[in-house]
Amino acid sequence: MAKVILPNGEVREAHRVSFLELLGREAKYAAAVLVNGKIWDLRETVPATGEARILTLSDPQALEVLRHTAAHILAHAVTRLFPGTKLAIGPAIADGFYYDFRFEKPVSHEDLAHIEEEMRKIVEEDLPLERVWIPRAEAERLLRERGELYKLELLAEIPGEEISFYRQGEFLDLCRGPHLPSTGLVQHFKLLDLAGAYWRGDSTRDMLTRVYGTAFVTAEELEQFLRWREEARRRDHRVLGPKLDLFSIQNEMVGAGLVLWHPKGARIRRLIEDFWVTEHYKAGYQLVYTPHIGRSRLWQTSGHLDFYRESMYSPIIIEEQEFFLKPMNCPFHIGIYKTKTRSYRELPIRYCELGTVYRFERSGVLHGLLRVRGFTQDDAHIICRPDQVEEEIKSVLRFALFILRSFGFTEFTAYLSTRPEKFIGNPEDWDRATEALRQAVEDEGLSYEVKAGEGAFYGPKIDLEVQDSLKRPWQLTTVQFDFNLPERFDMTFIGPDGREHRPYMVHRALLGSLERFLGILTEHYGGAFPVWLAPIQAVVLPVSEKEIPYAEEVAAKLLAEGIRAEAWTKEGKTLRWLVREAQLQKIPYILICGAREAGEGKVALRLRTGEDLGPHPLSEVITRVQGAVANRSTVL
RNA sequence: GCCAGUGUAGCUCAAGGGGUAGAGCAUCCGCCUUGUAAGCGGAAGGUUGCCCGUUCGAGUCGGGCCACUGGCUCCA
């Protein structure tokens, strides 16, 4: 007899009946059942022993089941509307679900509406989802008959003689479940997008059409998700960037993936760079500059020409020598290290550089500022003795968190990638390095995930992911050991024993690249940058042309106080127009000067939030702005 | 690179199932002298992404390139 715990806490004992039967009339509140940590269908039979907990739709674990069932409804609708479509796979994912198809004719976004309509019908029909076990030979015959080549391929990999299928009405799909008991429970869903996807993620195989959708338990949750999606779209840095006049990318004239930083974007970049450089000096780093190109010999030695060539720009040939645009800064930093014999007393050496690199990325992957072909990494290489590794890694991580927090990020997840099967260097070094990384994240109290075997062949690493204001994850910081380059370049230091030793080298970038970082910051703040980063911090608006001299005087005073201010004295524009423009530009402080204020050395203060704070003495406003800057505050 | 979609003025978008491109904002010129998210009028602005083709005639149909968008893959 197994114990079955109902959602209301009631416990029933039973076996040999299905959960559905056991629940009787109460089944309508149930979605699935949790049996020894696994989710089952309600149509399964109660096991002989153990404990089972009935899940309702409001249980988080049931959401995945709901979405998986929604994927089946999608596939069902597609096979009704487009007979002959081949089915691939259709799982639940973080934000919903998808199903991959091979359509006989291309489908368009308009078709999504029809598919969704058909899905609604299937939900209306409230078809029971039944699990059927079909002998392997029979299953194969069935799939072959329907020409389901992808399903056949999946079948070949499934062990056992009895194969699990799910049936809803006339629709039958190879699937291990679990599913909701009936299609009627999937009430709140929406198809979102159409995209291409390779069969099994393999670019040499068929390109399928992926239909994305999402499903929620309640209408409110669905609504909220769609609003969130809308908000994310509104914050798109590719839209905000040109609107706020931060940057542009001009494919035809300049080239795809190459960024032009406009004055305002450049202003933000400069502020980031200044902060970055100052803090790096404080943290014991030494700033270096290195060239954009280097001889082929350098890249031969580093191994880039062997392993990275497809991502590098073609060589420039001059005086019969080949030069390559740098895809990374490391070889140059190593070059600096190697200009003399280094003593163990000099270590650690920390070289940092805002180094601009060029990588050839396939045109299809370019994406605004987030994926470009020329970008500036906030790079550094730490060269240290093995006995310094723990301390160095700890301080790198602490430093990284300090920098990221300064930009307003508060939520972090760390990913520790460990030794892959194919690796270089000796296992003891790997273990020591990996342990140092682990210790550092634990000391900082970060939640982390281990990605076993996912390190690069040359060393383990830690990546820090931040969450932005919309809870979207972005990978920024990376701290990576390198057991390859010190070897290839024969980097050494003289130890206390008077002999040569191999140093450890750590490669790290905190912000990733300035391009990507600006993109992320823009989306994080929706373009409303904190005062210390705002390209223009205050705009001074005259009520009429009579107040233009006073507005200019106010702006000059602000400038003298180190505040980035502008007086807008455009002729022929009303105050309403100017206020609107200032708000759209998301300028934090809007200072309005009319006859009333001009006489008393005051300004009427309005915030970009739309809040009208009324007249204030100018000195008070200056203190306020300077305070927000000093605290790097997001509060105005 | 691959699949699908898109490409019209600086921006956002219009132009029955071919008939010779139009509006708002921005720009410029006037008028208005303004009190917290768009005052009014006028002007100028286009080789409809590029190249071929079909046609009496192509923004519209066909082919090829290029770019972008959504993804796949990859990554800072």
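Every chain is numbered from 1, with letters handed out A, B, ... down the list of sequences.
The nearest whole Å value for the distance from the CD atom in A:Gln480 to the C1' atom in B:C75 is 11 Å. Rounded to whole Å, the distance from CG on A:Leu366 to P on B:C74 is 16 Å. In this structure, A:Ile462 places its CD1 atom 17 Å from C1' of B:A76, rounding to the nearest Å. Counting to the nearest Å, the C1' atom of B:U36 and the CH2 atom of A:Trp568 are 14 Å from each other. In this structure, A:Leu112 atom CG and B:G5 atom P are separated by 12 Å, rounded to whole Å. Look at CG on A:Leu191: it is 19 Å from P on B:G70, rounded to the nearest Å. A straight line from CG of A:Asp463 to P of B:A76 spans 8 Å, rounded to a whole angstrom. Here B:C75 presents its P atom at 13 Å from NE2 of A:His304, a figure rounded to the nearest Å.
The partner of B:U6 is B:A67, judged by Watson-Crick or G-U wobble contacts that both fall below 3.5 Å. Nucleotide B:C40: paired with B:G30 (Watson-Crick or G-U wobble, both distances less than 3.5 Å). In this structure, B:U60 forms no base pair with any nucleotide, since neither Watson-Crick nor G-U wobble geometry is met with both distances under 3.5 Å. Of all nucleotides present, only B:U12 satisfies the Watson-Crick or G-U wobble test against B:A23, with each distance under 3.5 Å.
Screening A:Arg233, A:Arg472, A:Arg235 for a salt bridge (charged side-chain N to carboxylate O under 4.0 Å, His left out) involving A:Glu523 leaves a single residue, A:Arg472.
Of the P atoms belonging to B:G41 and B:A26, the separation is 13 Å, rounded to the nearest Å. With P as the reference atom, B:C3 and B:U12 are 28 Å apart, rounded to whole Å. Comparing the C1' positions of B:U20 and B:G57 gives an interatomic distance of 8 Å, to the nearest angstrom. Here, B:U73 and B:G39 have their P atoms 50 Å apart, quoted to the whole Å. The same atom, C1', is picked in B:G63 and in B:A58; the two are 15 Å apart, to the nearest Å. The same atom, P, is picked in B:U8 and in B:G46; the two are 15 Å apart, to the nearest Å. Taking atom P on both B:A15 and B:U33, the two are 41 Å apart, rounded to the nearest angstrom. Using C1' as the reference atom, B:C29 and B:G17 are 44 Å apart when rounded to the nearest Å.
Residue A:Arg516 places its side chain closer to B:C75 than to any other of B:C75, B:G1, B:A38. Among B:G1, B:G71, B:A37, the nucleotide with an atom closest to any side-chain atom of A:Tyr198 is B:G1. Each of B:U33, B:C72, B:U36 was ranked by its minimum atom distance to the side chain of A:Ala604; first place goes to B:U36. The side chain of A:Asp193 sits closest to B:G70 out of B:U34, B:A76, B:G70. When each of B:A76, B:U36, B:U34 is scored by its nearest atom to the side-chain atoms of A:Val372, the top-ranked nucleotide is B:A76.
Using a 4.0 Å heavy-atom criterion, one finds that A:Gly512 contacts the sugar-phosphate atoms exclusively. As judged by a 4.0 angstrom heavy-atom cut-off over every strand, A:Ala582 is placed among residues making no nucleic acid contact. When heavy atoms are screened at a 4.0 angstrom cut-off, A:Glu597 is found touching base atoms of the nucleic acid. Residue A:Lys570 is in sugar-phosphate contact alone, with no base atom involved, counting any heavy-atom pair closer than 4.0 Å across all strands shown. Across all strands, A:Gln475 comes closer than 4.0 Å only to sugar-phosphate atoms, never to a base (heavy-atom distances). At the heavy-atom level, A:Arg238 lies under 4.0 Å from the strands shown only through sugar-phosphate atoms. In this structure, A:Gly610 reaches neither bases nor backbone, as no heavy-atom distance under 4.0 Å exists between it and the strands shown.
A close approach under 4.0 Å does not occur between any side-chain nitrogen or oxygen of A:Arg371 and OP1 or OP2 of B:A76. OP1 or OP2 of B:G39 sits under 4.0 Å from a side-chain N or O of A:Thr574. Residue A:Trp577 places at least one side-chain N or O closer than 4.0 Å to OP1 or OP2 of B:A26. The side chain of A:His367 places no N or O atom within less than 4.0 Å of a non-bridging phosphate oxygen (OP1 or OP2) of B:C75. The side chain of A:Lys243 contributes no N or O atom lying less than 4.0 Å from OP1 or OP2 of B:A26. Phosphate contact (OP1/OP2 of B:G70, side-chain N/O of A:Arg210, threshold under 4.0 Å): absent. Between A:Lys573 and B:U27 there is a side-chain polar atom (N or O) within less than 4.0 angstrom of OP1 or OP2.
We find that A:Glu273 and A:Arg269 are joined by a salt bridge, their nearest charged nitrogen and carboxylate oxygen being less than 4.0 Å apart. Looking at A:Arg624 and A:Glu620, no side-chain N of the basic residue comes within less than 4.0 Å of a carboxylate O on the acidic one, giving no salt bridge. Comment: A:Arg398 does not engage A:Glu279 in a salt bridge, judged by the lack of any side-chain N to carboxylate O separation of less than 4.0 angstrom.
Contact of the A:Arg238 side chain with the A:Leu370 side chain is not registered, since no non-hydrogen atoms from C-beta on lie closer than 4.5 Å. Residues A:Val211 and A:Leu192 fail the side-chain proximity criterion, which asks for heavy atoms closer than 4.5 Å. Within the 4.5 Å cutoff, side-chain heavy atoms of A:Val579 are placed close to those of A:Arg606.
Residues A:Phe375 and A:Tyr358 keep their aromatic ring centres 6.0 Å or farther apart.
In this structure, the aromatic ring of A:Tyr212 is not positioned over the six-membered ring of the base of B:G71 within 5.5 Å between centres and 30° between planes.
By the 6.0 Å contact criterion, NZ on A:Lys557 is open, its count of non-hydrogen atoms from other residues, nucleotides or ligands being 12 or less.
Residue A:Gly257 is the one, among A:Met328 and A:Gly257, whose nearest nucleotide of RNA chain B lies closer to the 5' end (criterion: closest heavy atom). Position along RNA chain B of the nearest nucleotide to A:Leu369 versus A:Val543 favours A:Val543 as the more 5'-ward residue.
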